[in-house]
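Throughout, residue positions are numbered sequentially from 1 according to the sequence presented.
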Amino acid sequence: PQTDITDEDGVVYRYFAGRCFEFHPLANFGALNARIAAKDAEGTKRLADALIARGVYRAGAGVGWEYTFPYSGGRAPWLSGMAQAVAAQAFARAAALVPEEQTQFVRSAQAAYRAIPGRLLTSVAAGPWIRLYSFGSLRVLNAQLQAVISLQSYATAAEDADAAALALRMQRASAATLSKFDTGYWTYYALPHDPSPLDYQQYVVQLLKRLAPADQRFRDAATRIASYEKQPPAFQLATGALGALRFWLSKPATVSVDTAAGPSRRVTLGGGWHTLSWPEPKRPGIYGVRVTAVDFAGNRASF
């Protein structure tokens, strides 16, 4: 999983268990942005042309770069709002690097953006939110923040006032909703209570730092969330039933419990209250329990 290969044009195919290698739009537009950042005009033109050839025209809704395999309960083909936003950004940037293809690349950037309004947006109380997957309404933090940054970049390069207005509304919705993703000890990858893997939380911190000049809430959140990677898990104990250990855990962690009362336990738990119990030991008595928790960043705490 996560293994990528590329063809002679630089088109990216990613390995998925049980399916082998699949065309991956987001990875491809990330690769196109990387070629642009490296000032590789020839490689940028070759990959951009190959991606334009793979775009699927949608009447009245621009051009979409489809995922052609089922994923997370969704049927193929499907689109990603995040991938479309990065596509609009990448084509607009490619237009500036390869002047002889400017007209074509700007047109492709505009077509990528047109797929977003309506179909690839959902909402939260504060405003519009990007759909990471067109078949669902999952509110994913990193997808929203990346879409804001990408749409702002596209809107500036393509002088697209509608895209700029949408990016601003999404930025404001992001800032107003940040607290819902923050537990005070860790973050949620998606609402309502889907904990972030470490790499996604680190990605969010990078995105928040890029948005920090626009809103103090982004700057404060970047500092706060980055600190979670250095804080060990915290515990709180409560009285449980006989033979049971009841405790609150501050953040997702792998918890190991050792006691002479019964077999050791090793479980991965999210933040919140948990109860572990053992059957009555053969010998009556008071049995000590040692609990150790290691979070996703490797921080350890025990009692």
Intermediate values then yes/no, side chain to side chain donor-acceptor pair (under 3.5 Å), E229 and Q202: CA-CA 9 Å; E229 296 178 30; Q202 292 172 333; 3.3 Å; yes
message: Does T187 form a side chain to side chain donor-acceptor pair (under 3.5 Å) with D182? I'd like the steps, not just the answer.
response: CA-CA 5 Å; T187 62; D182 189 348; over 6 Å; no
message: One pair to check against side-chain contact (heavy atoms from CB on, under 4.5 Å): L208 and V204. What are the steps and the verdict?
response: CA-CA 6 Å; L208 289 170; V204 162; 3.7 Å; yes
task: Using the side chain to side chain donor-acceptor pair (under 3.5 Å) rule, take Q110 and R107 through it: C-alpha gap first, then chi angles, then the decisive distance, then the call.
output: CA-CA 5 Å; Q110 294 168 335; R107 187 180 297 122; over 6 Å; no
- request: Kindly indicate, with the supporting measurements, whether the criterion side chain to side chain donor-acceptor pair (under 3.5 Å) is fulfilled by T156 and Q152.
  value: CA-CA 6 Å; T156 299; Q152 288 173 340; over 6 Å; no
message: Using the rule given for side-chain contact (heavy atoms from CB on, under 4.5 Å), can you reason through Q144 versus R139, listing the C-alpha separation, both sets of side-chain angles and the distance that settles it, and then say yes or no?
response: CA-CA 8 Å; Q144 174 79 350; R139 281 76 164 176; over 6 Å; no
message: Apply side-chain contact (heavy atoms from CB on, under 4.5 Å) to residues L121 and M170 and explain how you reach the verdict.
response: CA-CA 10 Å; L121 290 175; M170 291 172 63; 4.3 Å; yes
message: Between D49 and F105, does the side-chain contact (heavy atoms from CB on, under 4.5 Å) criterion hold? Intermediate values first, please.
response: CA-CA 9 Å; D49 286 343; F105 290 170; 3.6 Å; yes
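Counting only heavy atoms from C-beta outward, the side chains of V267 and T254 never approach each other to under 4.5 Å. P252 has its side chain within reach of P195: a pair of non-hydrogen atoms, C-beta onward, lies under 4.5 Å apart. Residues V255 and T292 have side chains not in contact (no heavy-atom distance under 4.5 Å, counting atoms from C-beta outward). Side-chain contact between P1 and F16 is absent, with no heavy atoms from C-beta onward closer than 4.5 Å. Side-chain contact between L245 and V291 is present, with at least one heavy-atom pair separated by less than 4.5 Å. Counting heavy atoms from C-beta on, the side chains of R217 and S174 never come closer than 4.5 Å. Side-chain contact between F23 and F69: absent, with no pair of heavy atoms (C-beta onward) separated by less than 4.5 Å. Counting heavy atoms from C-beta on, the side chains of L47 and L51 come closer than 4.5 Å.
W129 CH2 to L120 CG: the interatomic distance, rounded to the nearest 0.5 Å, is 16.0 Å. Atom-to-atom distance recorded for L97:CG and D40:CG is 8.0 Å, nearest 0.5 angstrom. One distance of note links OG of S80 with CZ of F135; it measures 9.5 Å at 0.5 Å rounding. Rounding to the nearest 0.5 angstrom, the gap separating the CZ atom in F29 from the CD atom in Q89 is 11.5 Å. Distance check, rounded to the nearest 0.5 Å: CD of Q104 to CD1 of I52 gives 4.5 Å. With rounding to the nearest 0.5 Å, the separation of CG in L211 from CD1 in I149 is 4.0 Å.
Counted by atom type alone, Y203 and Q146 present one or more donor-acceptor pairs between their side chains at under 3.5 Å. Side chain to side chain, Q231 and N299 fail the donor-acceptor criterion of an N or O pair below 3.5 Å. Using modelled atom types, one finds no donor on one side chain facing an acceptor on the other under 3.5 Å when comparing S153 with R93.
Within the 3.5 Å criterion, the main-chain N or O of V11 finds no donor-acceptor partner in the side chain of D9. Side chain of N28 to backbone of V12: a donor-acceptor contact under 3.5 angstrom is found. Put simply, the side chain of K251 never gets that close to the backbone of A234: no donor and acceptor are under 3.5 Å apart. At distances below 3.5 Å, not a single donor-acceptor pair connects side-chain atoms of R246 with backbone N or O atoms of A241. In this structure a side-chain-to-backbone donor-acceptor pair under 3.5 Å is present from T259 to G288. Looking at R119, its side chain never comes within 3.5 Å of a backbone N or O of S134 through a donor-acceptor pair. Side-chain atoms of Q84 come within 3.5 Å of backbone atoms of A112 as a donor-acceptor pair (strictly under, hydrogens ignored).
One hydrophobic cluster holds both F303 and L249 under the rule that ILVMFWY side chains link at heavy-atom gaps under 4.5 Å. Under a hydrophobic clustering in which Ile, Leu, Val, Met, Phe, Trp and Tyr are joined whenever their side-chain heavy atoms come within less than 4.5 Å, directly or via other members, M82 and L191 fall into the same cluster. Both V289 and L237 sit in one connected hydrophobic cluster of ILVMFWY residues. Membership requires side-chain heavy atoms under 4.5 Å apart, directly or through other members. If you chain together hydrophobic residues whose side chains sit under 4.5 Å apart, I225 and F218 fall into the same group. Y113 and L168 fall into different hydrophobic clusters, where Ile, Leu, Val, Met, Phe, Trp and Tyr side chains are chained together by heavy-atom contacts under 4.5 Å.
Closest approach of W65 to L79, counting heavy atoms only: O-CD2, 3.5 Å. Of all heavy-atom pairs between S196 and Y189, the closest is OG-N, 2.9 Å. When all heavy atoms are compared, the tightest approach of A293 to A253 is CB-CB, 4.1 Å. For the residue pair D160 and Y154, the shortest heavy atom distance occurs at OD2-OH, 2.7 Å. Scanning both residues, A76 and T68, for their nearest heavy atoms gives CB-C, 3.5 Å. The nearest pair of heavy atoms linking T177 to V124 is OG1-CG2, 3.6 Å.
For Y228 and Y185, the ring centers sit 6.0 Å or farther from each other. Aromatic ring centroids of W78 and Y67 lie under 6.0 Å apart.
By the neighbour-count criterion of 12 heavy atoms within 6.0 Å, atom CD1 of I5 is densely surrounded, having more than that number from other residues, nucleotides or ligands. Counting heavy atoms of neighbouring residues, nucleotides and ligands inside a 6.0 Å radius, atom CD of E42 does not exceed 12 of them. The environment of OH in Y71 is sparse: at most 12 heavy-atom neighbours from other residues, nucleotides or ligands sit within 6.0 Å. More than 12 heavy atoms of other residues, nucleotides or ligands sit less than 6.0 Å from atom CZ of R54. The neighbour count for E8 CD, taken as heavy atoms of other residues, nucleotides or ligands under 6.0 Å away, does not exceed 12.
Between Y188 and H193, the two ring planes are perpendicular [angle over 60°; tilted spans 30° to 60°]. Between H274 and F247, the angle of the ring planes lies from 30° to 60°, which puts this pair in the tilted group.
Remark: R14 engages D4 in a salt bridge, criterion side-chain N to carboxylate O under 4.0 Å. Note on E66 versus R58: salt bridge recorded, some NZ/NE/NH1/NH2 to OD/OE distance being below 4.0 Å. The residues D220 and R224 are annotated as not salt-bridged, no charged nitrogen and carboxylate oxygen being separated by less than 4.0 angstrom.
Under a cutoff of 6.0 Å and an axis angle of 45°, R265 and W278 form a cation-pi pair.
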